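On a predicted model such as this, the values are computed, not experimentally measured, just so you know. Just so it is clear, the values below take in all heavy atoms, side chains as well, and ignore hydrogens, waters and symmetry mates. One is the number of the first residue; the rest follow in order along the sequence.
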Amino acid sequence: MARSVAGLKSLTQRVAASSSYLLPAGRLYRPQRIRSVVKSTLQAHWIITRSHTIMSSPVKQPEWQRPTGTSVATLRINNSMTKSKDEFIPVDGKHVSWYSCGPTVYDKSHMGHARAYITFDILRRIMEDYFGYDVFYVMNITDVDDKIIKAARYKYLFENFRKQNQNLSAELIQTVHDAWISYVNAKLGPTAAADFQSFAKMYTNKEVTPPEDEPKYDLYVKTAIRTHEAIASAKADIKETGEAASAESLLIASFDIIADALDKKDGASVTDPAVFREFAAFWEDEYFKDMDALNVRRPDVLTRVSEYVPEIVTYIEKIVQNGYGYVVDGSVYFDTVRFHNSPNHDYAKLEPWSAGNLKLVQEGEGDLTGEVRGKKNPADFALWKKSKAGEPAWPSGWGEGRPGWHIECSAMASDVLGEKLDIHSGGIDLAFPHHDNELAQSEGHFDCQQWVNYFVHAGHLHIEGQKMSKSLKNFVTIQEALQKYTAAQIRLMFLLHQWDAVLDFSSGSLSEAKTVENSILNFLATVKALVQEQSGPPPFTGTHGYREAEKSLMATFTAKKRAIHDALCDSFNTPVAINELRDLISQSNTYNQGQLKAKQQPNASVLGAIARYVTKLLRTFGVFLDVNPAIASSAANGATVSGRSEEDVALPYLKVLSSFRDSVRQIAQQKGDHMSLLQLSDKVRDDELIPLGVMLDDREDGSSLVKFVDPETLLKQREEKQSAILEKQRQKEERAAAELKKKLEKLEKGKVAPHDMFRVEGRREEFSEWDDKGIPTKDEKGEPIAKSRRKKLEKEWSVQEKLHADYAAWTAKQGPINA
C-alpha cells in the first residue's frame, strides 16, 4: 500500500514537470487529466486509512462542561414547634399529611374564622398548585361541645317559650323583669340592680370601671340596658294597646336573659339528641356556604366528633393503658405531670410559659365544666366527660359521657392520617391549651416523642385596630363583609399581610386591596384584548418584534418570577410576592404605553406570557376561581355560557349594535353635527356596553381596544366614578358657597359709606369733630387728632372707600345682599 502511494506521488511530480506524459500503455494524456486521476486515488486511500484507524482505536466525544447553575431556594416554614423557619421535609416524598382544626359550629361564621381558613387555604393552594406537593388535607367539625350544648338548649327552650307568649301580658313582662333582676345581680352586682338608671348613666359617662378579671363586663351591661329599655317599652305598649300587642320586640331584645333563665330552670329536661345534632348541622351548613363564597377549598376528608365517638373511646383507653390517663367519678383526665416527667415527653411544647395559666386551662375545659374534685394536678384536662342531665351522651367503659374538647382532634387526625403528621394548623389563640394538649394526648397514645413535625398558626384578626372577640360581639360576620367587599378583595387583603402576623380588618387595608385588584384586572383585560386583536399568524413586515424593549421586559419577567419564588419559599411570604407581581404589572404597563406612544405595536406574545403567569399565580392564591380561562379577568368570570345558544349569547350585543345604527341613521337624516355622533359613541361605551361586560379603551391612534371584564366589576367602577364626580361637584359647590359667603361678608363690611364710618355707633364716641370726608379731626375730649393716628384713620377710610364701591357695584347688579 505504501509503495503504491509513493509511486503515485512520484508520477504526480513528473507530470507537473512536463506538458504531456506518455503512459506505459502507449496512450498520451495531458498533465491536468493525470493530476485529477491521481488526486482522486489519493483521497480514496486517505478514507480507507482513516477507517482502519478508527476501527483500531474508537474516537471519544469532547469532554462535557457541567453547568455551574445558580442555587434555588427551598421551602422553609415558620414552625411553631421551634419558633423559627425550618426547611420543610415531608415524611413521605411529596406526600403531605395535613390536619387543620375546624370550627365549633354554634353561630354565624365571622372574619376571625375567615382569618384562619382563608390563610390555610392560601398555604394549601401554594403547596399543591405551586410547589406540587400531594397534600392530603383533613379538617374536623366540632359538633359536640359545651358551647353547642348550651346554645342548642337556649334556642330550643326559647323557641318553646316564644310560641307560648306571642302577645304581651303583665305576667310575661313580670317574668322577663324577674329574669332581668337575677341577671343584673349575678353579672353586675346588687348595687346596679337597686338603681339601674343611675348605674346606666354612670356607665355611659365612663364613670364605671369594669373589673379586670371580667372581659365580658361590657357585654353584660349592654345586654342589661337593652332588656331594661325593652321592658319599659313593653309596659308602655300594653298600657296603650292592651294585651293584644305583639311580644316579639320584648322577646328578641331580652333573648340572652330569658334563655339563660330558662336554661337554669329547664335545661336538664332537654334530652332529645336531635336537638343538639340538628342545631350543629344547621350552623355547619352555614359555615360551608360562607367558605364556598370565600372560594375556600373543601377538605379531602371531613371528620365530625359525633361520628367518631367509638374511635375516641378506644383512643382514650390506650392513653389510660400507657399510664397517662386516670378516672375520676366517670370522667377521664390526662395526667400532665406524669407525662411531663416521662423521659421522652414534654408537656406544653408550643407555649411552655403558659403551662401554669389555670385560667386558660379552665377556659379549655368549657362553660359546663365546674370545679372537679379528685384531679391529681390543676392543669390536668378532661379526655372524657361524664354527661349530666341535659347533655348528649354515649356509652363507654367509664359510663355514659362525651368526649373532651382536646381529644377529638388527636383521635380523628390519628385515625385518618396515622401516628405522624407533617403539618397541623389552627388559629394562634388555640396554641395553648388546645394544641399543646393535642400533642400531649397523641404522644401519650403512641408513646412517641414527636407527633407533629410542623405546627402553623394563623395570626390574630383585629377590627379597625381593636382585638376581635366574639364573646364581646366585636366582630364582623362573613356575610356582612361580603355585602361590602368581594371575596377576591378580602383574599387580596389577606395576601397583602403576613399569614402568621396580626391582620387589621380595616377600611384602609381593604381600600389597598381594591386598588391592587383594579390594577390587576385592568392589566389582564388590556393584555387579553391585545392578544385577541393580534390573534392568527403575524403579518410579514420584514422586521421582527423582539427588540431591546421586549428583551428588557422579558429580563424583568424572569427576575420577578425568581423573586416571587424566593418569597414563597420564605414561609409563604405573600406580601413580598404580591408587591413583586404589582411591580411586574407596572413595568408591563409602562412597556405597553411606550409602544403605543411610539406608534409601534406591543408584542402580544410577551405580554400574554406575563398575563398567563399573573393569572396562574392568582388562581394559585385563590383570588381567581379554578375554572377561569388561561388569562383571567376576575373570580366572577368563572361562569360559563353552557346551555345557552349562540343567538342567546349574541342577542344583547346585537341589540346595542342595532340601536347604535338606528341612532346614526337618525342623526344623518336630520343632518346632525359631528358632536352628536361623538356623544352617541360615548353613550354606547359608557352606558350600554358596560352592563354586558365590554369595556372600550380609546387609544392615541383613534382606535379602541375591546376588553371583556366582569360586568359587576365594571358597574361598580362606573358607580364609584359617578360617585367621585358627584362628590367632586359637591365639594366644588361647597367651596363656591363658602367663597360666596366670605365675599358677601366682606361686601357687607362696605355697606357703610366711608363718610359715615366714623360716625356709626361704637365709633362716634371716640371723636368730636370730622372733616368733609368724614375723617375725624378731634378726639372725644376735643383735642386735635395726632398725626400718626390721623394716618391710620385715613388708611381705614381708603379701605372702606374701596369696600363701599364694591358693595355699591354688587347691589346695583345683584340687588340687596340680604334680599
Does this structure show an ion pair linking R304 with D143, if we count only N-O contacts that are shorter than 4.0 Å? no
Between R297 and D626, is the closest basic N to carboxylate O distance under 4.0 Å? yes
Taking the six-membered ring for Trp, are Y347 and F339 parallel (under 30°), tilted (30 to 60°) or perpendicular (over 60°)? perpendicular
To the nearest 0.5 Å, what is the distance between CZ (F334) and OH (Y326)? 10.5 Å
Taking the side chain as everything from C-beta on, heavy atoms only, tell me whether W398 gets closer than 4.5 Å to K386. no
Is there a side-chain contact between F446 and S414, using heavy atoms and a 4.5 Å cut-off? yes
Between T336 and D380, is there a side-chain donor-acceptor contact under 3.5 Å, judged purely by atom types and distance? yes
Minimal non-hydrogen separation, I148 against F276, with atom names: CG2-O, 4.5 Å
Intermediate values then yes/no, side-chain contact (heavy atoms from CB on, under 4.5 Å), V452 and Y99: CA-CA 10 Å; V452 172; Y99 180 82; over 6 Å; no
What is the distance from atom NZ of K155 to atom CZ of F255, rounded to the nearest 0.5 Å? 9.0 Å
Within the 3.5 Å criterion, strictly below it, is a donor on D447 or N322 matched to an acceptor on the partner's side chain? no
Carboxylate-amine/guanidinium proximity below 4.0 Å for D218 and K222: no
Where the side chain of S97 meets the backbone of D422, is there a donor-acceptor pair that is under 3.5 Å apart? yes
Any side-chain donor near an acceptor of the partner, N140 and T142, under 3.5 Å: yes
Quick one: are E365 and W405 in side-chain contact, heavy atoms under 4.5 Å? no
Kindly indicate whether the side chain of K349, heavy atoms from C-beta on, has any atom under 4.5 Å from the side chain of M81. yes
So, for G364 and P433, which heavy atoms are closest and what is the spacing to 0.1 Å? CA-CG, 4.1 Å
A116 to A458 - nearest heavy-atom pair and separation: CA-CB, 4.0 Å
Taking 4.0 angstrom as the limit, do K187 and D256 come out as a salt bridge? no
Stepwise side-chain contact (heavy atoms from CB on, under 4.5 Å) test for L383 and Y315: CA-CA 10 Å; L383 301 172; Y315 201 87; over 6 Å; no
With side chains defined as the heavy atoms from C-beta onward, is the minimum distance between D290 and K108 less than 4.5 Å? no
May I ask you to decide if L172's main-chain N or O and S169's side chain share a donor-acceptor pair within less than 3.5 Å? yes
Please check this pair: side chain of K83 against backbone of S80, looking for a donor-acceptor N/O pair closer than 3.5 Å. yes
To the nearest 0.5 angstrom, please state how far the CG atom of D263 sits from the CD1 atom of I149. 10.5 Å
Basic-acidic side-chain contact under 4.0 Å: R298, D292: yes
So, for Y117 and Y287, is the gap between ring centers shorter than 6.0 Å? yes
Find out whether E391 and K385 are in side-chain contact, i.e. whether some heavy atom of one side chain is under 4.5 Å from a heavy atom of the other. no
Is the Y324-H345 ring centre distance short of 6.0 angstrom? yes
When you measure from the side chain of R277 to the backbone N and O of S306, does any donor-acceptor pair fall under 3.5 Å? no
Keeping the roles fixed (side chain from D436, backbone from E351), state whether a donor-acceptor pair exists under 3.5 Å. yes
Could you walk me through whether I478 and M111 satisfy the side-chain contact (heavy atoms from CB on, under 4.5 Å) test, starting with their C-alpha distance in whole Å, then the side-chain angles of each, then the deciding distance to 0.1 Å, before giving a yes or no? CA-CA 6 Å; I478 290 173; M111 287 308 298; 4.2 Å; yes
Are any of the side-chain heavy atoms of Q441 and F381 separated by less than 4.5 Å? yes
Please determine if D92 and K420 form a salt bridge, counting it only when a charged side-chain N lies under 4.0 Å from a carboxylate O. no
K388 and L368: which non-hydrogen atoms are nearest, and at how many Å? NZ-O, 3.0 Å
So, D260 and Y154: side-chain donor and acceptor under 3.5 Å apart, yes or no? yes
Main chain of P90, side chain of Y133: is a donor-acceptor contact present, judged purely on distance under 3.5 Å? no
Distance col, row E443:CD vs E438:CD, nearest 0.5 angstrom, shows 11.0 Å
Ignoring hydrogens, what is the shortest heavy-atom contact between H435 and L350? Give both atom names and the distance. CB-CD1, 3.5 Å
Whether the side chain of D335 engages the backbone of G325 through a donor-acceptor N/O pair (distance < 3.5 Å, no angle test) should be reported. no
Starting at NZ of K235, measure out to CG of L168 and round the result to the nearest 0.5 Å. 12.0 Å
Could you tell me the separation between the CD1 atom of I231 and the CG atom of L250, rounded to the nearest 0.5 Å? 6.5 Å
Could you tell me which non-hydrogen atom of C101 sits nearest to which non-hydrogen atom of L430, and how far apart they are? CB-CD1, 4.2 Å
Checking side-chain hydrogen bond (donor to acceptor under 3.5 Å, both in side chains) for the pair D178/Q174: CA distance, chi angles, key distance, verdict? CA-CA 6 Å; D178 291 345; Q174 187 61 46; 2.8 Å; yes
Residue pair V309, V313: steps toward the side-chain contact (heavy atoms from CB on, under 4.5 Å) verdict: CA-CA 6 Å; V309 176; V313 170; 4.3 Å; yes
Could you tell me whether D367 and K147 have a side-chain N and a carboxylate O separated by less than 4.0 Å? no
Without hydrogens or angle criteria, can the side chains of T119 and R115 be said to hold a donor-acceptor pair below 3.5 Å? yes
Quick check: are there more than 12 heavy atoms from other residues, nucleotides or ligands sitting under 6.0 Å from CD of E278? no
Could you tell me how the ring of H228 sits relative to the ring of W180: parallel (under 30°), tilted (30 to 60°) or perpendicular (over 60°)? tilted
Please work out whether the ring planes of F199 and Y203 are parallel, tilted or perpendicular, with thresholds of 30° and 60°. parallel
Can you check whether V456's main-chain N or O pairs, donor with acceptor, with S425's side chain at less than 3.5 Å? no
Measure the acute angle between the ring planes of F279 and W283, then classify it against the limits of 30° and 60° as parallel, tilted or perpendicular. perpendicular
For N185 and I181, indicate whether the former's side chain and the latter's backbone hold a donor-acceptor pair under 3.5 Å. yes
Within the distance-only criterion (no hydrogens, no angle test), does the side chain of H113 pair as donor or acceptor with the backbone N or O of H110 below 3.5 angstrom? yes
What I want to check is whether the side chains of S442 and S410 have a donor and an acceptor closer together than 3.5 Å. yes
Is the shortest side-chain heavy-atom distance between V176 and I257 below 4.5 Å? no
Between D146 and R402, is a salt bridge (charged side-chain N to carboxylate O under 4.0 Å, His left out) present by the stated rule, with each step listed? CA-CA 10 Å; D146 288 28; R402 56 190 176 88; 3.0 Å; yes
So that I know where these two stand, are W98 and Y137 an aromatic pair - ring centroids less than 6.0 Å apart? yes
